[in-house]
Amino acid sequence: MSKSPEELYQERVKRILDTVALKEPDRVPIFGPYELFPYTYANVVFKDAMADYALARKACHKFLDDFEPDADFGPILAYPSKPMETLGIKWFKWAGNGLGDHVMYQYVEGEYMKDDEYDQFTYDPSHFMTTKWLPRSFKALEGLEGFPPTRLMMWFGWTGLLPALTNDELWQALENARKSGKELGEWFGSIGQYAGEIKAKGFPQAFAAFSWPPFDIIGDTLRGTRGIMGDIIRRPEKLLKALESTTQMTIEYGAGAAGADLPLCWIWMHKGSAGFMSDEQYAKFYWPPLREAIESLVDLVVIPVVYCEGDDTPRLKYFAEVPPGKVIFHFATMDMAKAKEVLGDVACISGNIPNRLMLTGTPDEVKDYCKMLIDTCGRGGGYIMDTSALLDEAKTENVRAMFDFTREYGVY
Amino acid sequence: MKKKLIQAIAEMQETEAVQLAQAMLDSNEDPQVVLDACREAMTIVGSRYEEGDYFLPHLIVAGDMLQEIGEMVKPKLAAERESEEPLGEIVIGTVAGDVHDIGKDIVAFMLEVNGFEVHDLGVDVSAEKFVEKIKEVQPDVLALSGFLTLAFDSMKETVQAITANGLRDNLKIMIGGAPMDESVTTYIGADNYGRDATAAVRMAKDWIGGN
């Protein structure tokens with residue numbers, strides 16, 4: 001007798017939760033956090049999927065139906081072009097907007113916080129974001145520059161500050177924000193609709209929240225790589241102080257995952273990988289704030305998926321400090337045998353099929369790699385099959401090989 | 001003073017380095033001596049990076065010091081003086097469709113520090129632009145950078161365009177970026193790949209000579 005979608009849903013959730021808890025599941029789970037691939041597979045031009053939410057859902061359904069990942073990302077990574085156009089976003093290029101029609105978005109780094117603005121940011125992050133980061137990031141929100149500091153409005157402070165709200169440019173910016181907000185509402189409606197539809201088919205959503213390491217919140221979107229790397233040498237104390245604020249943000253971004261069937265919060269790791277900084281610098285600037293955030297999220301019953309996008313082999317000894325059985329570490333470049341040795345009793349690990357293999361390799365090569373991963377990391381559970389990075393260009397037969405082989409060989 | 005300046009740059013003492021360079025120029029020191037000090041200091045920074053003592057933060061601060069002191073020296077140089085003959089010429093760029101620049105910039109910087117003349121075409125560089133530049137400067141080495149798998153085909157097309165223009169024979173091509181390895185090198189038709197900036201320098205030296 002075939003299982004009902006409800007039974008399949010529970011089975012898939014349990015498979016993943018058991019793996020995270022370092023208990024042996026029925027088989028190695030497979031994640032489906034794909035970027036461009038499902039759209040290519042469904043013959044949908046990515047530019048169109050970013051504008052037509054029903055089309056994006058349709059493409060993701062086709063991928064889901066044909067490959068059946070144990071947890072699915074769906075159309076969340078096809079960011080909506082309409083509100084981004086309304087806002088005039090400056091740090092993003094996407095299909096049809098600075099890039100070709102069928103390519104994944106790319107982030108354009110810049111200095112969105114100047115080197116002498118650390119104190120302002122640390123003192124009142126929200127005011128800094130309102131009056132500096134938003135106007136610098138979105139053309140349509142430039143008018144927010146003059147938004148008064150609400151922290152000074154107590155007692156009779158409001159008398160001097162509320163007149164600032166009569167500024168026409170500020171109202172125009174708020175009007176633009178309202179317009180894009182409505183457009184974003186439509187998009188989020190589509191994301192929610194998709195989650196409901198796949199649940200009815202028996203599939204859980206692979207994410208409940210997205211977050212960023214405290215260091216990367218500053219490094220990716222505020223100071224940029226050049227900025228923050230220089231700050232490590234030039235203004236270490238200010239950086240450490242700002243990291244206290246962003247640690248709380250890492251937790252806030254992720255806290256919303258609590259209560260979900262699969263409370264997975266993906267934490268996108270960028271600038272702490274090998275080569276970016278020394279062990280000493282990592283131990284001072286990167287790891288302590290991240291560890292604090294991971295521990296707080298675990299306390300909130302969120303499962304952090306620490307998504308390492310570079311080579312994090314030298315950081316394994318730090319990763320071993322997290323609470324056991326509560327965290328997933330995803331690895332792009334990694335000595336997986338060593339990862340299993342160091343983290344085997346501490347955390348679930350995932351990933352590592354080279355994306356280039358999915359594009360230039362053969363199905364047999366993909367199978368061999370998956371076999372190596374299951375043999376090396378799958379002993380007794382604690383491993384989730386996944387590619388090294390979110391999948392863009394790939395041969396369909398290779399993706400097929402990854403899923404079919406894991407479903408067959410990954411049974412415990 | 002020259003020794004002190006070398007030490008200040010190599011030890012990441014930015015304020016002191018800039019002050020020392022200014023003091024040297026103010027006391028009518030030959031600006032070439034200041035530039036030589038910078039070059040010697042960068043050799044130290046470069047080798048510390050290669051040995052794993054220095055990382056990205058050091059390269060960035062060192063690069064900024066070099067630029068700042070360079071700006072100070074420029075007006076003092078009577079005429080554009082011929083600097084030392086470069087080890088070789090290298091054209092570098094991130095290929096079409098890819099706008100990532102951090103890795104490419106580090107490689108360009110390390111190649112420069114090691115005595116190569118580097119022509120950096122930036123990001124999202126089309127095959128035609130590469131071909132044009134290769135015709136113009138006739139480099140010894142072409143360095144193609146890419147962070148995404150979409151870069152594979154852009155790189156392949158670039159190499160094909162170079163071959164079609166009859167420019168492939170005297171040119172060594174290296175590729176770099178997170179997903180690159182031997183199989184990608186073959187797929188693209190390049191000569192070799194490098195895991196990091198140190199590997200890029202080693203390859204360039206092997207190909208061109210210069211220890």
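All chains are named by letter (A, B, ...) in the order of the sequence lines, taking the proteins before the strands, and each is independently numbered beginning at 1.
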Subject >> Proximal to chain A - members of residues 191-198 of chain B, heavy-atom separation under 4.5 Å >> reply: B:R195
Original post:
Do you know which of B:D98, B:V184, B:D124, B:I106 has the most heavy-atom pairs under 4.5 Å to chain A?
Top reply: B:D98
**OP:** Using a 4.5 Å cut-off on heavy atoms from C-beta on, say whether the side chain of B:L148 contacts that of A:M104.
**Re:** no
**OP:** Taking atom NZ of A:K90 as the centre, report whether more than 12 heavy atoms of other residues, nucleotides or ligands fall under 6.0 Å from it.
**Re:** yes
**OP:** Against chain A, label B:D181 side chain, backbone, both or neither, depending on which of its atoms sit under 4.5 Å from a heavy atom there.
**Re:** side chain
**OP:** Determine the option with the most heavy-atom pairs under 4.5 angstrom with chain A, choosing from B:D153, B:T149, B:T15.
**Re:** B:T149
Subject >> Shortest non-hydrogen separation from B:V99 to A:Y107 and the atoms involved >> reply: CG2-O, 4.4 Å
Original post:
Can you tell which of A:K93, A:E309, A:R234, A:M358 has the highest number of heavy-atom pairs within less than 4.5 Å of chain B?
Top reply: A:R234
Original post:
Got a sec: does the NZ of A:K241 have more than 12 other heavy atoms crowding it under 6.0 Å?
Top reply: no
Original post:
Under a 4.5 Å heavy-atom cutoff, which of A:D392, A:T225, A:L357 has the most pairs with chain B?
Top reply: A:T225
Subject >> A:D116 CG: over 12 foreign heavy atoms closer than 6.0 Å >> reply: yes
**OP:** Considering only heavy atoms, give the residues of residues 363-371 of chain A separated from chain B by less than 4.5 Å, sorted numerically, with 'none' for an empty result.
**Re:** none
Original post:
Tell me, side chain or backbone of A:E280 under 4.5 Å from chain B's heavy atoms, or both, or neither?
Top reply: neither
Subject >> Close contacts, residues 45-70 of chain B versus chain A, judged by heavy atoms under 4.5 Å >> reply: B:F55, B:L56, B:P57, B:H58, B:I60, B:V61, B:D64
Original post:
Around A:K238, counting heavy atoms of other residues, nucleotides and ligands shown, do more than 12 lie under 6.0 Å from its NZ?
Top reply: no
Original post:
Among all residues two or more places apart in sequence or in another chain, which pass the side-chain contact (heavy atoms from CB on, under 4.5 Å) test with B:D101?
Top reply: A:R226, B:K104, B:D105, B:V123
Original post:
Are the side chain of A:Q106 and the backbone of B:G97 linked by a donor-acceptor contact shorter than 3.5 Å?
Top reply: yes
